[in-house]
Every structure is written in structure tokens, then in C-alpha cells.
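Reviewing the structure listed below.
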Amino acid sequence: MSTPETTSAPSPASATPTHRYTPALAQQIEERWQDRWEERGTFHAANPQGALTDGDGANAGAGQPFFIMDMFPYPSGAGLHVGHPLGYIATDVVGRFRMMCGDNVLHALGYDAFGLPAEQYAVQTGQHPRTTTEQNIVTMKRQLRRMGLAHDDRRTFATIDPDYVRWTQWIFLQIFDSWYDPDAERPGDTVGTGRGRARRISELRDELAAGARPVPGHDGDNAGGAVWAALSEAERRDVLDAQRLAYVDSSPVNWCPGLGTVLANEEVTADGRSERGNFPVFTRHLRQWKMRITAYADRLTDDLALIDWPDKVKAMQRNWIGRSTGANVRFAVVGTTGTDPAGAGEQVEVFTTRPDTLFGATFMVVAPEHPLLDEVPADWPDGTRDAWTGGHRNPAEAVAAYRAEAAAKTAVERQADAGKKTGVFTGHLAVNPVNGETVPVFTADYVLMGYGTGAIMAVPGGDERDFAFAEAYDLPVVHTVEPDGGFADDFAGAYSGEGRAINSSNDEISLDGLGVAEAKERIIAWLEAKGVGEGTTTYRLNDWLFSRQRYWGEPFPILWDSEDRPVAIPAELLPVDLPDVPDYAPRTFDPDDAESSPEAPLGRNDDWVHVTLDLGDGPKTYRRDTNTMPNWAGSCWYYLRYLDPTDSTDGPATGTAVVDPGLERYWMGPQHNATSGPAGGVDLYVGGVEHAVLHLLYARFWHKVLFDLGYVSSLEPFGKLFNQGYIQAYAYTDDRGAYVNAADVTGDEQTGFTLDGVPVHREYGKMGKSLKNVVTPDEMYEAYGADTFRVYEMSMGPLDLSRPWETRAVVGSQRFLQRLWRNVVDEETGALVVTDDAPDTATLRALHRTIADVRTEMESLRPNTAIAKLITYNNHLTGLDRVPRAAVEPLVLMVAPIAPHLAEELWERLGHDRSLAREPFPAADEQYLVEDTVTCVVQVKGKVRGRVEVSPSISDEDLQAAALAEPNVVRAIDGAEIRKVIVRAPKLVNIVV
RNA sequence: GCCCCGGUAGCCCAACCGGCAGAGGCAAUCGGCUCAAACCCGAUCCAGUAUGGGUUCGAAUCCCAUCCGGGGCACCA
């Protein structure tokens, strides 16, 4: 038995070469480079001024600013699975690529750390939410750092940091201190009316005092400020408070007893449950904070034209805002003779998008909650049909019964009943203003109080829903629009399409013969002239309900004075920290207890709630607002914080603004680089589509307020949005339907899936603990290394597509990196194997073709195809006897954005002493992109029959001659008459016989 | 019910303005390396593009209809 000479690696597994790119070596390399990057500040983004410089201590130079961002992660206690980092890797690849293209790249990541899950997790584990949240952030930071993300770690933060909360509250105060002037000029607007913007509340006060505008809610024209002067200071404050963009209002809100808080409309699903927790949601009248996002409805819709977002998300925002144009029309309500003369002269206003069909309005419908129903006639009027009364003796009974029935219906039941028309006659009669006809007024729950005016004119001839109702309640149908060619003889139903108006005239106006658009215009003019209506626009969007009754959120920077009016806490006293309370668990209720009322946890600390302060008018006692802000508040402005993350150096040092205006203009202003649009904003924002109408709408709203107040120059926060797909996973169940450990299942589609020989059932969906199919990044680092993990995630498919995770396929990415390694490093000795020979022409061609292609793919966010081309080129190099340095160095650079650690290691071993992070990305040399010859395909009747090698610059005539001479082609033509020859030089000839 | 996106090899996916259906990866099969196995290396196999029509010299690509999958909206006047 002889002893080998080598002393290394005594274990039996030592057959593996010492210098092979194994997971263990990968880990070693990766951790070394992560430390070096951190020490050197390699990814420090340089601001144009101030203390935040690049790793060499320099402020921003000539490179174009490029601001790239991921959607704010929430630090979950469950830790990351391999699906979470997909977007982070993608932005990292783009960021590193842009950096190598010479851009000044800003990429950082903060944490969205307030919110319900943190609070629930804390309650479960019996710890303070701050403790658990901070622990989670530490874990997540470690997991993300190990992935090698090129983030500027000086710019990270969490929304719960007091320095951050301070500015969230500061922005709230700016919104509180503003009102919306729809007539004010807005400079620079190119897509809207150019009017309307937020202004300071003090300007409103001045204008009211000077008599420049009437006082809202008070009669009189306020000439010379007379109306204003007559008001007490308390009344004046009420007037101003009601105009603020952040205001307190008593109105129907979504109360969720199961969560113990009220919710915004956006947080309630279509079937009336909470998006988080899936608890029932009830409508309650409560006094709550709201934000006047409706004032921005037009701009939020119009400005979508200025930004590069997926059409799908734009459509979702447009739908949610739901702008529709039409007219408001007032119908006089007739006091039923003898029974209710006092009701005469009352009016009901309806909203319609089809005022051109007014002559076909044969009845009216109001929502069950409509105030008209607070009083109804005592008896059924003459002409009441049996079908209308619901069997009740008089309108009061009928309406009361119907209102009760409607109120008791849950959203789910309403949903289920959609299409089935229920309702009852209210006893009221109204007069159609265009023809003087008396029409009955019904109430029905297909008309919603929250949209338009809560009342409609019903045109059964032109509206499916009205027609269904008319059928059910025996009401007349009049068609006022005739389709081209007239109605079919047997036509019965509503016609809502294009056509010519019919049956639409009175003594003063005739719409007959007009098209829909023109008829609308005419009738609106007539209504306006008669003073019974006017053109208008309504929105589906409602104001944003902003207060929550939870503990783990930003407290409102608001005090209530002795007369219960809100007072802003001065900016220099911010932040308002969360108080310690005996119990931070929210008061929750039986999820179905609609009668319960919210109770804010912050109210449990009396010492905190009651304060004595001198706000300039002597010490007074105040009561603090005990609401907290919704989770969305922190994510409404975090992109600004990345630009200017400290309060000690740049802009916020002065305490006057949330971000230094110069920094905002540099990184985000309109046209701040070659690809930034007219609205400016973040250059690339990557995240899931689930925030399409929540976060993205709220953030746009806040940004526009800040724009109006002069704090930012960009019109929009996010210039380009990209929705990444999700990584899905297979889960397996046994016969009992219980989930089994996915990692232990063997087999495939053809052989069937089994666990320990027992067949199991496969399903496809999310990755989750309960599904027993979670794979974590940590497992990937251990088994393959971060670079392999990154390559695999990027090569699985296009970024915007969801795809299944398959651990056993990861090995393909590892083989690629191993082959690349072997092309540079000898596995046995660790020595360099590259030569200094010049690459042959074929290699140069392959290289430059690859460079050109990879650039294209990278610029278009297609890392999957870029990787395929890199693999192809690497395979070409593998086939050479010796790999020339000049052939592999560009490859190392091109691989760097995707597998940065391996690339840095090879780059160093190739003799470079600086990081390749800012090395120029290879550029293709045109001379190697043109081929000497190309293969021209010759088709006969569209079928490929032969090929000829020709020069790329061959003329059509020469090519046609060459094609016709090709033996296989001659045989295919077989002497038939040639009818036509299509020549697309130099690649294709098609011969038609 | 309405709107949007997508169906290409056993699986994940390429194919630019309509021009040779295949770039890449997984799996499978065979071979090499090995005492042997794994790793590794090399090779091979595999679809006529969901279905039916249309336009065209030529269709995965454009148009129409249908089926399947995913998503959004859902009495919004």
C-alpha cells in the first residue's frame, strides 16, 4: 500500500479536484467579495453634492443618474423563500449592468415595517412589535446580503425608525395644511386642463377674508369678506377644516370587527371582506380621518399617459378611479295631491352618462339609503299598479320594509342577487323635465348611494338593468335610439349602442335623427339653459380613509383642543413617538358583530393622551389623536428617502423639507437622463402586480401634493414600472389530502409522483409553510452558492412570467459556471489556463455576436435570453484547445451582472487589481458582425428545397440566378413553369411554379 | 357576464418587421472517464406551434371563431 505524495484532502471524497468550482469554493469566494465590496464602498452611489459620495470619496461626475428600485419588502417573521428575491436579483442585474454602462446607479433597499402582520406576530409571541420587527429585519438583511446585492447600504432604513416617522408625519402635516383649488393654474401640465392644484390653507383664509371667493357652506357671495367677517373664529376654523386635504369626516366607512379597525375601500374585496384576514366588513357611520384623493382623480387618470407602466396596471388604476362623464339632471318631485302638498317643489338629482336618452326615462330609481325616502307619501297615489307595492298597504310600510331588507343584506348576498331586480314603489312621483311626464319613483338596491347622486333616471329602452327592472315591475319601455337599419320586428329589450335618436322631441328641442354624441351635446346645452341640469363628471373613487385603530403604525401628529377641533403639532416637535401601552393588542370583536365600535390602543395610555403644551398662545391642555396611520403611509414616500437618507448632512438638516430639492431634481426630475420621460420619477420600479391600485395610487397622490406645494419637481414618483412574475411551486398531497414534504417526492410527469413508493397527488400554486414546499435561499447558498442561485432565477424564463420552481434543474446553472471557471482556471492546480494568443476569427465572430446580443437582451430586461447567449459562447470556448485571454475576459465582464462573485474572482485571477463593477461593459466591433457568406434558403412554393452560400451583399438578380441553378431546386421545379420569384436578398428566395 | 394576458419538444422556455420551427436549461437514452458509482465530459432522442377557418408566394407570428389556463372588473347609471 503506497502513500500518495500529496498531503491534501485525506477524505475518500477527495476525487473532486481541489480547485473545482464547487459549492464550498463558491461560498468562500462569495463571502470574500461581499466583505470587500462592503469595505470598499463599491456600490456607494454618489450624490451630486453633500456627504454621500462614491467609494472613492467623489461626488457624482459625468455619468447619468439612474435610480432603480424594488417594492419595499415587509420583514416577515417567516423568513424568505426562493420566490421573494426574484425581483431583487433582477434589479440588481440591471443596476450592475447600468453601472458598467457608465451610469451613476442608485439602488438601495429599506423595510416597510409597520403594519398588521408585525402586530399580530408580536401578540402571538408576547413581545413588543418593535422587538420582533427589528429581529426580522436583521434576519432578512443577512439573507439578502448573502445574495450579493449591489445596494448602497448607507441609504437603507425602516419605516419605523423615528427619523423616518418624523417625515411621514411631516408630510401628513403638509397635506393637513393644504386645500385643493380647482381653478388655480398649474404650470407645465400637458395632458389635462392645466388647472387645479393644492394650496396652503392660509391662502384660503386670506382669500376668504378678502372676499375673493364665497365661504363654503354659508350663503351669500362674501363680497368684501362680509360673510367671513360675520363668522366666529370657531366657525371659521370649521370652514377651513372642512376644506383640508386631510380632514375628519363622519360618513359611512368600512368597519371590520374581526380586525378591530376601519379600512379603506381599496382594502375591502369585491365580496365585502377584508383583504387581510378575510373578515366580514360592515358599513358604519363613524368620524374618521380621510384624504381628499378625489380632488386628484383627473390628474391621476390623465397623467398615466406620461409614464411607462404596463397597460394592465394603468387599466386597473383607470377602472378604480372610474371617471365617467355625463350630466346631472334634476327631476321635480310631485307632492301627492291631498296627502302631501308640502313635498311639492322638492327635487331629486340624478346622474346619467346618457342624457341623450332622457325622453325614454319612464321611471326613477333611488338608492335605499337616499334621503328622499326619509319622508314618503301617506297613501299610494292614483295609478299605482299592484306589482309596485310589494303587497304593502302604504308607501311608508313598503319603503321601511325594503330599506330594512336592503340594509340587512351583506355584500355577499348583494353580489349573489346581482341581476335579480328587487325594489318597491316609494309613492313619490317625479316630473321628467324634458317632456313633463309624471314618472313613478322606485327604490331598489341596484342603485348605489355611493356613486353619482344615488339616484338614476331609468331608461328601460336603453339600459339592460333598467329593462330588467321594468320587466319585473310592469313599467313602460320607450326606445329613443334606433340602430342602423331599425329594430327587428320581434325586438324586445334595451338597445345601448350607436344609432339615431327617435321619439326625442318637445316644443323647444328635437334630438330626432342625431347621433349619440351630438344628441348628448344638444340636450346638455338645453338642460343648462333651462337650469334643470348640467354636464358633469363623476368618479368611482372615494376619498381615502386614512385612520386605523391599531397600535403598530405612525401616530397622527394632531392634537384636539378643548373645543374638539384639530391642531397640528409643530414640525419641530416631531416625531410623535408611539406610547408604551399596557396592551398593544387591538381590541377585536366577533367578526360578525356589526354593532361593535373601534377602540384605539393608543387611548389606553392616559399620560400620553393628555398633554399640556404652549403652542404660542399660552399653555393649554390637549388630547392627542389616538389613531394610527395605515400601513400605506410609509410606502408613499420612501423613494424620496433613498435620495437623502440622513437628517444631518444634506437637505433635511435644516428641518424644512423631506428631501433636498437639488437631489430630487438630479435623481428624479423630468428628463433627468436619456430615458426619463416628461414626468420624471424612478427609472425602474420592479414589484408584483398586487399593489396596482393600493400603494401605487396612494404614492402617486402624495407625490402630486408634494409637487403642488413645491417640494418635488417630478410629476410622478415612478417613471417606469415593471411587474415581475411569481415563482410558483408544486405541492403534493397524499390520499387523505394532507400535504407531504415536497422535497421527498420522486418521479415525474410520465412515471407519476410517489413518496416512499406511494403515489401522491400534485398541485401547483404558491410556496408556503403549510404546503410543505418551501425552498429557502439559505438552502440554495449551501447547496450551490449564491451565483448559481442568481443565474438559475434569471434563466428560468422571462421576468414578467410566473414559473414553477424546480430545485433539480438548478444544476444546469451550476454546470455553466463550472465550465466558465474551467475555461480560466485549472481545476487540479488552480493555475490560469488562458493563453495570450490572438483568438481565431470564428471565436471573434462568436464573441462580438454575443456582445451585441447580450447588450440588446440586457437593455430589454431579458436576462433569460442573455444567459442563453452567454452559455452558447462559453460552450464555444470550451471546444477550443486553449482559451485566449482576449476571448474570455469580455465574457467574464458580461457574466458579472448576473454572477458577480465568480466574475470578480476570475477578473482578479486574470490579473486585474480593481473591482470590475465599474469596468466598461464590452462593446461589439461591427467588423465581426458581418459574415463573409450567408446561407440563403431557397423555397419552392414555400417549402425549403435547397440552400446556397452567398455573399451578404449579393444583388437580387445574382441571387435569383444562383437559386435557380441549385440542383435540388432544379429537381423540385421539375421543369414546371416559373410564375413568380420572390427574392429577399441575401437570406431567402421563394420560387412559385 | 365583460375586459386583458397566455397556450411551441416529457418539463421550463427561444424564434427581431410574416421568411430554414430551436438559442439555452432540465429530464431521458447512449457513449467516454472510473475497479465501480456519483461528479464531470461528449453525443443522441423529442414538437410542426391548443383547435378550426381566413389573408399571403410564404403564418408560431396578422385577422376571425372556438377550447383551455391565468389575471382584472362585476348592478358604477
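Proteins come first, then strands; the chains are lettered A, B, ... in the order of their sequence lines, and each starts at number 1.
- Contacts of A/S802 with the nucleic acid, taken as non-hydrogen atoms under 4.0 Å apart, involve only primed sugar atoms and P, OP1 or OP2.
- Taking 4.0 angstrom as the limit, A/R822 places a side-chain polar atom (N or O) nearer than this to OP1 or OP2 of B/C41.
- Summarising the geometry, the separation between CH2 on A/W821 and P on B/C41 is reported as 16 Å, rounded to the nearest angstrom.
- Checking B/C40, B/C20, B/A77 against every side-chain atom of A/R20, the shortest atom distance belongs to B/C40.
- Considering only side-chain atoms of A/N990, the nucleotide from B/C75, B/G25, B/G19 that sits closest is B/G19.
- Between the CG atom of A/N723 and the P atom of B/G71 there is a distance of 15 Å, rounded to whole Å.
- At whole-Å resolution of the value, OH in A/Y726 and P in B/G6 are 18 Å apart.
- Side-chain proximity of A/T878 to B/C26, B/G42, B/G24: nearest is B/G42.
- Which of B/A77, B/G24, B/C13 sits closest to the side chain of A/T872 comes down to B/G24.
- Atom NZ of A/K766 is surrounded by 12 or fewer heavy atoms from other residues, nucleotides or ligands within 6.0 Å.
- The main-chain N or O of A/L694 is never found under 3.5 Å from a side-chain atom of A/W320 such that the two would form a donor-acceptor pair.
- Taking side-chain N and O atoms only, A/N875 has no distance below 4.0 Å to OP1 or OP2 of B/C41.
- Heavy atoms of A/D445 sit under 4.0 angstrom from at least one base atom.
- A straight line from CD of A/E793 to P of B/G24 spans 23 Å, rounded to a whole angstrom.
- Side chains of A/V833 and A/V883 form no contact here, defined as non-hydrogen atoms less than 4.5 Å apart.
- B/C17: glycosidic angle within 90° of 0, hence syn.
- Residue contacts shown for A/K869 are absent, as no nucleic acid heavy atom lies under 4.0 Å away.
- Across all strands shown, A/L801 has heavy atoms under 4.0 Å from sugar-phosphate atoms exclusively, and none from any base.
- In this structure, the nucleotide among B/A77, B/C20, B/A74 sitting nearest to the side chain of A/F351 is B/A77.
- Using a 4.0 Å heavy-atom cutoff across all strands shown, A/R984 reaches at least one base atom of the nucleic acid.
- A/T856 comes within 4.0 angstrom of no nucleic acid atom, judged by non-hydrogen atoms across all strands.
- When the options A/Y451, A/Y446, A/F351, A/F363 are evaluated for a side-chain contact (heavy atoms from CB on, under 4.5 Å) with A/I456, the one that passes is A/Y446.
- When A/T357, A/D356, A/T352 are each tested for a side chain to side chain donor-acceptor pair (under 3.5 Å) with A/R354, only one passes: A/D356.
- Between the CH2 atom of A/W309 and the C1' atom of B/C4 there is a distance of 18 Å, given to the nearest Å.
- Note on A/R819: only backbone sugar-phosphate atoms sit closer than 4.0 angstrom, heavy atoms only; bases stay farther off.
- With both pairing distances under 3.5 Å, B/C35 is matched to nothing as a Watson-Crick or G-U wobble pair.
- Of the nucleotides present, B/C57 is the one that pairs with B/G19 by Watson-Crick or G-U wobble criteria, both distances under 3.5 Å.
- Two residues are said to be in side-chain contact when any heavy atoms from C-beta on lie closer than 4.5 Å; A/T426 and A/Y402 fail this criterion.
- Across all strands, A/N319 comes closer than 4.0 Å to no nucleic acid atom at all (heavy-atom distances).
- Of the candidates B/A77, B/C26, B/A14, the closest approach to any side-chain atom of A/T352 belongs to B/A77.
- Relative to the side chain of A/Q818, the nucleotides B/C20, B/C73, B/C40 differ in distance, and B/C40 lies closest.
- Among the atoms of the strands shown, only primed sugar atoms or phosphate atoms (P, OP1, OP2) are found under 4.0 Å from some heavy atom of A/A809.
- When heavy atoms are screened at a 4.0 angstrom cut-off, A/V459 is found touching no nucleic acid atom at all.
- When A/M780, A/Q814, A/E782 are each tested for a side-chain contact (heavy atoms from CB on, under 4.5 Å) with A/P23, only one passes: A/Q814.
- Ranked by how close their nearest RNA chain B nucleotide is to the 5' end, A/I982 and A/I867 are led by A/I867.
- Annotated as anti: B/G25, whose O4'-C1'-N torsion sits more than 90° from 0.
- The base of B/C75 sits with one of its N or O atoms less than 3.5 Å from a complementary donor or acceptor on the side chain of A/K421.
- As a whole-Å value, the separation of A/K314 NZ from B/G71 C1' is 19 Å.
- The residue among A/W320 and A/S795 whose nearest nucleotide of RNA chain B is located toward the 5' end is A/S795.
- Closest approach to the A/R815 side chain among B/A27, B/A77, B/C75 is made by B/A27 (side chain taken as heavy atoms from C-beta onward).
- Checking B/C75, B/G24, B/A77 against every side-chain atom of A/S324, the shortest atom distance belongs to B/A77.
- The distance from atom CG of A/L697 to atom P of B/C73 is 13 Å, rounded to the nearest whole Å.
- Salt bridge A/R330/A/E534: present, at least one basic N to carboxylate O contact under 4.0 Å.
- Among the protein residues, A/K980 comes within range of the sugar-phosphate backbone only, with heavy atoms under 4.0 Å from sugar or phosphate atoms but none that close to a base.
- When both distances must be under 3.5 Å, the Watson-Crick or G-U wobble mate of B/A74 does not exist.
- Here the side chain of A/P798 is nearest to one of B/C75, B/G19, B/C13, namely B/C13.
- Per the geometry, CD belonging to A/Q317 stands 19 Å off P belonging to B/C4, to the nearest Å.
- Nucleotide B/A50 forms a Watson-Crick or G-U wobble pair with B/U66, both donor-acceptor distances falling under 3.5 Å.
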